[in-house]
There are 2 protein chains.
Amino acid sequence: MELNERKLKILEAIISNYLDTAEPVGSRTISKNYDLGISPATIRNEMSDLEELGFIMQPHTSAGRIPSDKGYRLYVDMILSAKYDSPKHLSYVEALLSKAGRIETLLQDIVSVLAKETNLTAIVSTPQYSKCKIKNIQLIELESQKVLAVIVTDGNMANNYVLEINEDMDQPMLNKLSFILNNQLHGLDVEEINLPLIEKIKAFAGNQDEIIGKVLEVVFQAVHNNEDTQIYTSGAINMLRLPEFSDLEKATSIMETLDKKDYIRQLLLNDFDGESIVTDGVNIKIGSENNNENMKDCSLITTTYHIGGKPLGVIGLIGPKRMDYQSAIFSLKCLIKEIEKRMNDS
Amino acid sequence: MELNERKLKILEAIISNYLDTAEPVGSRTISKNYDLGISPATIRNEMSDLEELGFIMQPHTSAGRIPSDKGYRLYVDMILSAKYDSPKHLSYVEALLSKAGRIETLLQDIVSVLAKETNLTAIVSTPQYSKCKIKNIQLIELESQKVLAVIVTDGNMANNYVLEINEDMDQPMLNKLSFILNNQLHGLDVEEINLPLIEKIKAFAGNQDEIIGKVLEVVFQAVHNNEDTQIYTSGAINMLRLPEFSDLEKATSIMETLDKKDYIRQLLLNDFDGESIVTDGVNIKIGSENNNENMKDCSLITTTYHIGGKPLGVIGLIGPKRMDYQSAIFSLKCLIKEIEKRMNDS
DNA sequence: TGTTAGCACTCATTTGTGTGGAGTGCTAAC
DNA sequence: GTTAGCACTCCACACAAATGAGTGCTAACA
């Protein structure tokens, strides 16, 4: 038995109806609402086949059918392979984003807008720090024996570190040290700062090696301490309004999952290193494909954004499997465009 | 009729029991579990009086009693006026806080620890930027026609701003401008940067007035754009586990309220400007005292932290009215101590 | 051979009803 | 002033019956 055209049409009808109503779909509903020209009885026979093929399932004996993960997968693959509108520049989106040039603020605004647009949960990772190029390092006097190191990378991302040192330094002196640091490090990837390099530069710095060493070590630490990327999320509460989470137990469990930044980071960056990016850069994981019990009713849509041509961060949406994939993908692409426009406009 | 000693004891018993169980308390329960030496019938008579006085109420005719907001108020005032342990330095708390010197990271860590400690929702405002003293301003070259301004204030708070300017500047030139800015602004409160002052300094800067003006304007903007303080929260999900929010509707509504940063900011800073700080710096608002429908089942405990002797931020806990006020206050005080220690150790 | 009407069957959901129990208020006795 | 006793209230829970959406199967039909 195979998936002929009529079966596919029925499957589409079931999924489409289920996306709208969140209720199991019966044969009569399809016969009435979708103009397929066949009776409920015939549809029932086909549905029985579709179930045998694994595309739909029954919550219980006397209920209608709901799509299985395999069914969603087919549906989503069809969407992904279809040509659809390329992302537009949405001027009203731009208006919602603050003018601030800081990338952290920008990304926070982006997820917030994305969550509002889609009524889903939006997540984004900050650019992978270790893969960014160092643009400028500046040391700033704070107070006796305390110095602020500002490290600027690609996309004008600035990271601040407070350093404690053993001697007093005035700003002119710090400017000189900053100059040395810039000479040595400008244009390097952050991850190229490793222990041998640190030693080499310290030797070069002569009797100013303490502070130079501290700067580099603190950056080295940061990269290796999970601070490589931060995660921003927005709109987790949107999940609470969905019928799939109308049970308090489920609601709590999904909220807890979404609250675990480390887990979300892992989820988001999972396929990132391996670059297992599919169709048109958009990656979709449906239900059990996320390999997590608490995410089994959710789908995750992700895509990467690029800075200086390199994919440095991931942005995504988490929603019920029953979400509007089409428009979610569209919103995601529009926002990506906005991010990249702002981070590469130089 | 007035509140004699016996009535007070019964009231305490009711509240104490209700804090534990979240169930209305009946006369028999009190008679059995609290050694007051009186029968349920007598307690019933007293309870009837307490209800008339407004300290307790009945959810429905044949139920036990629960404390009213007025009852909680009495109870909380007793706690506040009692002498209790002064906050300790908790070494295990210190271990949980990251070593990073950045105040934003510190405050985020603080709310996270506080939420875990108390199982409540912790909130904190970053130091009121406008009231901070400027310590150092440094301009950093980003790329052609883009400059990063780093402004460091009290407590080593660093704020970054990306500026777009109309000419190219190299770092040595920016160092000179930074020097000028520092000369003019060091030691001023941020809010002292106003339009007349900006004009004055621009005049002083001669042909470099563009960039100097931009720096000051962007700071001026920030202070007047709600960026004066940020709000960090943690542990909102803790609310979902409480019996008072076992109804999904209530749960959703409290989560939505806690998600509204602007509302939380207002809640937190409400009494801040007026400095209506009570007993020992700890301020408690119970249920309806918060003047918000969604907060009517919650209490808010707040207190201020000081930098350089000035109260610049507020930290607080939101929990059910039924929370353990004693230990919440204690945890709050301990964490305040930790904040102030780190921000004033110079 | 594919399609369809008819029918018996299943099972979640809703509605109604009775019962148990916790707790009160009142009264009368101590 | 305190307490035992008792009638009364009302929620919570369990259980049964009714409802209805939907299925699978069978037999008839084109």
Side-chain angles (χ1 to χ4, degrees), chain A residues 1-11 13-15 17-18 20-53 55-68 243-244 246-248 250, chain B residues 1-11 13-15 17-18 20-68 243-244 246-248:
Chain A
M1 175 174 39
E2 68 175 35
L3 196 62
N4 60 26
E5 179 133 1
R6 192 170 73 179
K7 284 190 175 55
L8 194 63
K9 275 208 176 119
I10 292 175
L11 179 59
I14 292 172
I15 295 181
N17 197 275
Y18 187 68
D20 278 353
T21 64
E23 296 290 331
V25 187
S27 54
R28 233 172 84 84
T29 312
I30 294 181
S31 170
K32 259 193 299 186
N33 301 339
Y34 299 81
D35 201 18
L36 300 180
I38 42 180
S39 76
T42 312
I43 292 174
R44 278 205 288 284
N45 288 330
E46 297 286 42
M47 280 164 97
S48 179
D49 290 352
L50 281 169
E51 182 160 8
E52 204 175 315
L53 289 166
F55 292 111
I56 54 177
M57 50 200 266
Q58 256 180 317
H60 57 84
T61 325
S62 68
R65 303 305 211 292
I66 61 175
S68 67
E244 20 274 278
S246 62
D247 171 35
L248 189 68
K250 279 189 182 162
Chain B
M1 176 173 39
E2 68 176 34
L3 196 64
N4 60 26
E5 179 134 2
R6 192 169 73 179
K7 285 191 174 55
L8 194 62
K9 275 206 175 121
I10 292 175
L11 179 59
I14 293 172
I15 295 180
N17 197 275
Y18 186 68
D20 278 354
T21 63
E23 297 290 333
V25 187
S27 53
R28 235 172 83 84
T29 313
I30 295 181
S31 169
K32 260 194 296 187
N33 302 339
Y34 299 82
D35 202 17
L36 300 181
I38 42 180
S39 77
T42 310
I43 293 174
R44 277 205 289 283
N45 287 331
E46 297 286 42
M47 280 163 97
S48 178
D49 291 352
L50 281 170
E51 182 160 8
E52 203 176 317
L53 288 166
F55 293 111
I56 54 179
M57 50 201 265
Q58 254 180 317
H60 56 85
T61 326
S62 68
R65 303 306 210 292
I66 61 174
S68 67
E244 19 274 276
S246 63
D247 171 36
L248 189 67

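A note on names: the letters A, B, ... follow the listed sequences, proteins ahead of strands, and every chain is numbered from 1. Remember, predicted model here, so these are calculated numbers, not experimental data.
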> Between the side chain of A/Ser31 and the main-chain N/O of A/Ser27, is any donor-acceptor distance below 3.5 Å?
Replying inline: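 Here the side-chain-to-backbone pair does not exist.
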> Are the side chain of B/Glu46 and the backbone of B/Lys7 linked by a donor-acceptor contact shorter than 3.5 Å?
Replying inline: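 Not a single qualifying donor-acceptor pair exists.
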> Is the shortest side-chain N/O distance from B/Ser39 to OP1 or OP2 of D/dT3 below 4.0 Å?
Replying inline: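 B/Ser39 to D/dT3 OP1/OP2: side-chain N or O found under 4.0 Å.
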Atom [atom1] of [X] to atom [atom2] of [N]: distance rounded to whole Å?
| X | N | atom1 | atom2 | answer |
| --- | --- | --- | --- | --- |
| B/Lys7 | D/dT2 | NZ | C1' | 13 Å |
| A/Ile30 | D/dG22 | CD1 | P | 10 Å |
| B/Asp49 | D/dG1 | CG | C1' | 13 Å |
| A/His60 | D/dG22 | NE2 | P | 10 Å |
| B/Ile43 | D/dG1 | CD1 | C1' | 15 Å |
| A/Asn17 | D/dA21 | CG | P | 15 Å |

> Of A/Gln58 and B/Pro40, whose nearest nucleotide on DNA chain D comes first from the 5' end?
Replying inline: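 Comparing both residues, the 5'-ward one is B/Pro40.
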> On DNA chain D, nearest-nucleotide positions of B/Ala41 versus B/Ser62: which is more 5'?
Replying inline: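 Closer to the 5' end of DNA chain D: B/Ala41.
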>> With a strict under 4.0 Å distance from non-hydrogen atoms of chain A, what nucleotide opens and what nucleotide closes the contacted stretch of DNA chain C, reading 5' to 3'?
In response: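 Using the under 4.0 Å cut-off, the span is C/dT3 to C/dA12.
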>> Go through it in stages, so that I can follow the logic: the residues are B/Arg65 and B/Glu51, the test is salt bridge (charged side-chain N to carboxylate O under 4.0 Å, His left out), and I'd like the CA-CA distance, side-chain angles, deciding distance and then a yes or no.
In response: CA-CA 8 Å; B/Arg65 303 306 210 292; B/Glu51 182 160 8; 2.8 Å; yes
> With a 4.0 Å cut-off on heavy atoms, is A/Ala63 in touch with a base, just the backbone sugar-phosphate, or nothing at all?
Replying inline: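 The answer is sugar-phosphate, as A/Ala63 gets under 4.0 Å only of primed atoms, P, OP1 or OP2.
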> Contact class for B/Thr42 (heavy atom, under 4.0 Å): base, sugar-phosphate, or nothing?
Replying inline: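 Here B/Thr42 touches the bases of the nucleic acid.
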Can you tell me the Watson-Crick or wobble partner of [N], both distances under 3.5 angstrom?
| N | result |
| --- | --- |
| C/dA28 | D/dT3 |
| C/dT1 | D/dA30 |
| D/dA14 | C/dT17 |

> Quick one: CZ on A/Phe55 to CG on A/Leu8, what's the gap to the nearest 0.5 Å?
Replying inline: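 Going from the CZ atom of A/Phe55 to the CG atom of A/Leu8 covers 8.5 Å.
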> Should A/Asn17 and A/Ile30 be marked as a side-chain contact (heavy atoms from CB on, under 4.5 Å) after you check the CA-CA gap, both sets of side-chain angles, and the distance that decides it?
Replying inline: CA-CA 8 Å; A/Asn17 197 275; A/Ile30 294 181; 6.0 Å; no
> How far apart are the C-alpha atoms of A/Ile10 and A/Met47, what are their side-chain angles, what is the distance that settles it, and do they pass the side-chain contact (heavy atoms from CB on, under 4.5 Å) test?
Replying inline: CA-CA 8 Å; A/Ile10 292 175; A/Met47 280 164 97; 4.3 Å; yes
>> So B/Leu3 and B/Leu50, do their side chains get closer than 4.5 Å, heavy atoms only?
In response: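 In contact.
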